[in-house]
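Quick note on labels: first sequence line is chain A, next is B, and so on, each numbered from 1. Keep in mind that what you see is a predicted model, and the values were worked out from it rather than measured.
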There are 2 protein chains.
Amino acid sequence: MAMRQRHLAAFIALAETGSFKKAAAQLHQSPAALSVSIKDLETSAGVQLFERTTRTVVLTEAGVSFVPAARRAWIANHEAESSLTQIATGQGGRLRLAVAPSVALAWLPSALSQFIRQHPRVEVTVIEGTASHVSDAITAGYADLGIQGASGVSPDLVGEVIYRDPIVRVGRGGIRIGLTEGTHTEQLLANAGIEPPRIQVDTPQLAVRLAQSLGGHALLPSLTLGALESEPMPHIAPRDICRLTRTSEHDNPVIRAFMRELLVTIQSFDGATKPSGLA
Amino acid sequence: MAMRQRHLAAFIALAETGSFKKAAAQLHQSPAALSVSIKDLETSAGVQLFERTTRTVVLTEAGVSFVPAARRAWIANHEAESSLTQIATGQGGRLRLAVAPSVALAWLPSALSQFIRQHPRVEVTVIEGTASHVSDAITAGYADLGIQGASGVSPDLVGEVIYRDPIVRVGRGGIRIGLTEGTHTEQLLANAGIEPPRIQVDTPQLAVRLAQSLGGHALLPSLTLGALESEPMPHIAPRDICRLTRTSEHDNPVIRAFMRELLVTIQSFDGATKPSGLA
DNA sequence: GTCGCTTACGGTCTGCGTAATCATA
DNA sequence: TATGATTACGCAGACCGTAAGCGAC
C-alpha cells in the first residue's frame, strides 16, 4: 500500500466535516478529486472507511479506529515542516558557542540574553577556552561558532574579523608585566618592536593587579580590562577578534542570528566607552 | 513550502547513509532523483541541510537539528499506515458487543477468550441486555455487533440467523411455567398452538426452578438451560439467534473476525451436546 | 582514470478540474 | 427537482531514469 499525504489530508478533512463538498473546499480541491483520494485509500487498505449516501457521509467503525493514527501522522508532518522553517529562520535548532575568556566576559552576557529572549526555542551551549581550544572545538565539531582573538588556523575553518580591539596601557611604572610569551597579544607587541615583559603571567587580570601593586605597567587588549582606566596606544596594531565557523556552517541561520545580536552588543559597548568607531 | 513524503524519505535516507548512492539504492531510486529531491527540500526551506564534496556527504548543523522532527514524522506516517492495515485485517480497532443474556452466558466466555488471544490489540466492550436493548444499542451507535434472539427490527440494521436454538421441555408436570407474554419465545410457542403459561416469570432460570419445585414444566430455548437435562420438542419451531449490525458495518473486519470465533464456539458447543447439526 | 554528485532532457504517470451521471431527500 | 457524491476524460505538471558533465581522489 502506498499512503501519501493527500490521502491523510483527505481522510482527516472528510472525517472532520462529514461532507465531500465541505472537505473539498477546506482542501481547496474539487469534490471529485477528494472522492478519488478517499476511494484510493479505501481500496488500497481494503476497508470501507466512510458510509455514504448521496447526501450524507459518516465514518464507519474502521474509519473511527483510524482517526487517531491519521491525526497523529498529520500533526507530525506539520511539526516537521514548521520545525524546518524555524531552523531555516534561526528560530530553532541549537547554537554551540566556543569563546575566548575575554569575549565571554565582555560581550557574551549581553549578547546571549538578547539572543535567548528573541530565540526562545534555540538550545545554547557555551565552551570557554583559549584560542586554540576554541578552534579545536570548531574543527572537531563540538562547537559551531567560535569567537576568539587569533584568526583562523585550520584550512576548513572560515574566519572573519568582527572587531579590532586596541592595545592599551594600564599603569605608568617602568616595569612591564605581560602575558606569557607566544600569546597573540605578546606577538602583536613584539611585532610593534616592544621588548618581552619582565614578568610573565597567565591572565590579564593578574597582570593588571601586579602592575598596580609593583608600580609597573601592562599592555593589554582593552576588552580584557572591563571599565578599568587606561591610556590608548595608537601606534600598536590592535588585536583582531574573529568569528570562526566550519565552511559547511557558513550559512547556518542560527549562527547568523546570533552574530547579528553580537554585533549589536559590540556596537553598543563600543559606543558607550569610546565615541570613535570600530572596524 | 510543500514538503512531501519523498522529501522526508530522501532526507532521512541520506542522513542515515551519508551517501547519495547508498541512499538512492535504499529508496530504489537513481541518485539523480534523490539529488533533486534533496535540492528541492533545501531550496524550499532556504537552508542547506547537507554539505557535499564530490565524495562525501555530511549533515550541516541545520540538518542535524532537523533530524528528530523528520524522523518523528516518518515514524508517525508508517504507524498510521500499519494502523490502517491492522484495522483492515481485524487486528486492531475496537469491538463493541451487545448480547442477549443467554448468549452472554452460553457462548461469550469461550468466544471472547479465543478472540482476545488472537486479536490482542482490539479493545472489546460488552453490553448485556434484552433483545430491544441490543438492537437499540446498535442503532444508536453504542455497539457495533449485536447477538440476540429476535431478528432485526430497525430498517438500517442488517440481521442474519447464525443459530437455530431448539425449544425444549424441562419437567413433566401439567402446569406450564413460562416467560412473560410478548417475549420472543412465548410468541413462538403461541404460534405453535400452545396456550399461554399459567405462571409467567422474568427469567428462564426462575422458570426452571419453579417448574421443578411445583412439579410443572417449562418450555424454553435450550441455550438458556446450560447443561440441564431436557426433552426435545421437535414440532415447535426453534428460536432464531441473529447477528445484528448497522448496514455500514457490514464489512467491518473486526466484526468478521469475531464472528468467525463465535461460529467456531457455537459449533464446538453444539457438537458437544447434540451430535446432529445446526443451521 | 575512477568514482560519485549534479545537471539536462525526454517520457511517463500521477493527480487535478470540468463535465456528465447517478442517487437520494 | 435540487443537491451532493461519483465516474469519465483530458490536460498540466511532477517525478523518474538515462545520459552527459564536473570535480575530487
Side-chain angles (χ1 to χ4, degrees), chain A residues 1-45 47-60 63 77 81 154-156 246-248 251, chain B residues 1-45 47-60 63 77 81 154-156 158 246-248 250-251:
Chain A
M1 181 203 327
M3 185 169 59
R4 301 193 185 284
Q5 281 184 316
R6 43 178 266 276
H7 295 127
L8 271 183
F11 175 81
I12 289 170
L14 186 53
E16 279 176 354
T17 61
S19 148
F20 277 83
K21 194 180 186 183
K22 289 179 193 164
Q26 183 176 309
L27 298 170
H28 308 291
Q29 270 194 156
S30 71
L34 181 62
S35 180
V36 315
S37 285
I38 295 290
K39 186 180 185 134
D40 286 354
L41 183 62
E42 286 179 328
T43 52
S44 81
V47 221
Q48 197 171 343
L49 297 170
F50 296 94
E51 179 70 19
R52 311 92 146 136
T53 67
T54 49
R55 296 286 204 182
T56 173
V57 180
V58 218
L59 281 167
T60 61
N77 284 326
E81 199 164 326
S154 171
D156 65 321
R246 287 185 295 283
T247 52
S248 61
D251 80 337
Chain B
M1 183 207 321
M3 185 169 60
R4 301 193 186 282
Q5 280 184 315
R6 40 178 271 274
H7 296 126
L8 270 184
F11 175 80
I12 290 171
L14 187 54
E16 280 176 353
T17 62
S19 147
F20 277 83
K21 194 180 186 182
K22 289 179 194 166
Q26 183 176 309
L27 297 171
H28 307 291
Q29 271 194 154
S30 69
L34 181 63
S35 180
V36 315
S37 285
I38 295 291
K39 185 179 186 136
D40 286 355
L41 183 62
E42 287 179 328
T43 51
S44 80
V47 221
Q48 197 171 343
L49 297 170
F50 294 94
E51 179 70 19
R52 310 97 146 133
T53 67
T54 49
R55 296 286 204 182
T56 173
V57 180
V58 219
L59 281 165
T60 61
N77 284 327
E81 200 164 326
S154 173
D156 66 320
V158 47
R246 288 185 296 283
T247 53
S248 62
H250 198 241
D251 80 337

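Here E51(A) pairs with nothing under the salt bridge (charged side-chain N to carboxylate O under 4.0 Å, His left out) rule; sequence neighbours left out. Shown here are the side-chain contact (heavy atoms from CB on, under 4.5 Å) partners of T56(A), two or more places apart in sequence or in another chain: T53(A), V58(A). Residues that satisfy the side chain to side chain donor-acceptor pair (under 3.5 Å) test with R4(A), not counting sequence neighbours, are absent from this structure.
Proximity of R6(A) to the phosphate of dC16(C): a side-chain N or O atom is located under 4.0 Å from OP1 or OP2. OP1 and OP2 of dG17(C) both lie 4.0 Å or more from every side-chain N or O belonging to Q29(A).
Nucleotides of DNA chain D with any atom under 4.0 Å from a heavy atom of chain A span, from 5' to 3', dA2(D) to dT7(D).
Within the structure, the side-chain hydrogen bond (donor to acceptor under 3.5 Å, both in side chains) test picks out the following pairs touching residues 7-17 of chain B (sequence neighbours left out): E16(B)-R71(B). Counting only residues at least two apart or on different chains, the salt bridge (Lys or Arg N to Asp or Glu O under 4.0 Å) pairs with a member in residues 24-44 of chain B are R6(B)-D40(B), E42(B)-R52(B).
Taken over five-pair windows at either terminus, the axes of the helix from dG1(C)-dC25(D) to dA25(C)-dT1(D) are inclined to one another by 30° (rounded to 10 degrees).
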If you restrict it to nitrogen or oxygen atoms, what contacts under 3.5 Å exist between nucleotides 4-8 of chain C and the protein, and what is each distance?
unit_1, atom_1, unit_2, atom_2, d
dG4(C), OP2, K21(B), NZ, 3.0
dC5(C), OP1, F20(B), N, 3.0
dC5(C), OP2, K21(B), N, 3.0
dT6(C), OP1, R52(B), NE, 2.5
dT6(C), OP2, S35(B), OG, 3.0
dT7(C), OP1, K39(B), NZ, 3.4
dT7(C), OP2, K39(B), NZ, 3.2

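In this structure, H7(A) reaches neither bases nor backbone, as no heavy-atom distance under 4.0 Å exists between it and the strands shown.
Exactly one of L41(A), I38(A), L59(A), L49(A) qualifies for a side-chain contact (heavy atoms from CB on, under 4.5 Å) with L14(A). That residue is I38(A).
Straight-line distance from the CG atom of L34(A) to the C1' atom of dT18(C): 16 Å, rounded to whole Å.
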Full working for side chain to side chain contact (heavy atoms under 4.5 Å, CB included) between M3(A) and N77(B) | CA-CA 8 Å; M3(A) 185 169 59; N77(B) 284 327; over 6 Å; no

Determine, step by step, whether T60(A) and V47(A) satisfy the side chain to side chain contact (heavy atoms under 4.5 Å, CB included) criterion, reporting the C-alpha distance in whole Å, the side-chain angles of both residues, the deciding distance to 0.1 Å, and the verdict.
-> CA-CA 9 Å; T60(A) 61; V47(A) 221; 5.9 Å; no

List the atom pairs, with distances to 0.1 Å, where a side-chain N or O of residues 19-31 of chain A and a protein N or O form a donor-acceptor pair under 3.5 Å, not counting sequence neighbours.
unit_1, atom_1, unit_2, atom_2, d
S19(A), OG, K21(A), N, 3.2
S19(A), OG, K22(A), N, 3.0
S30(A), OG, A33(A), N, 3.2

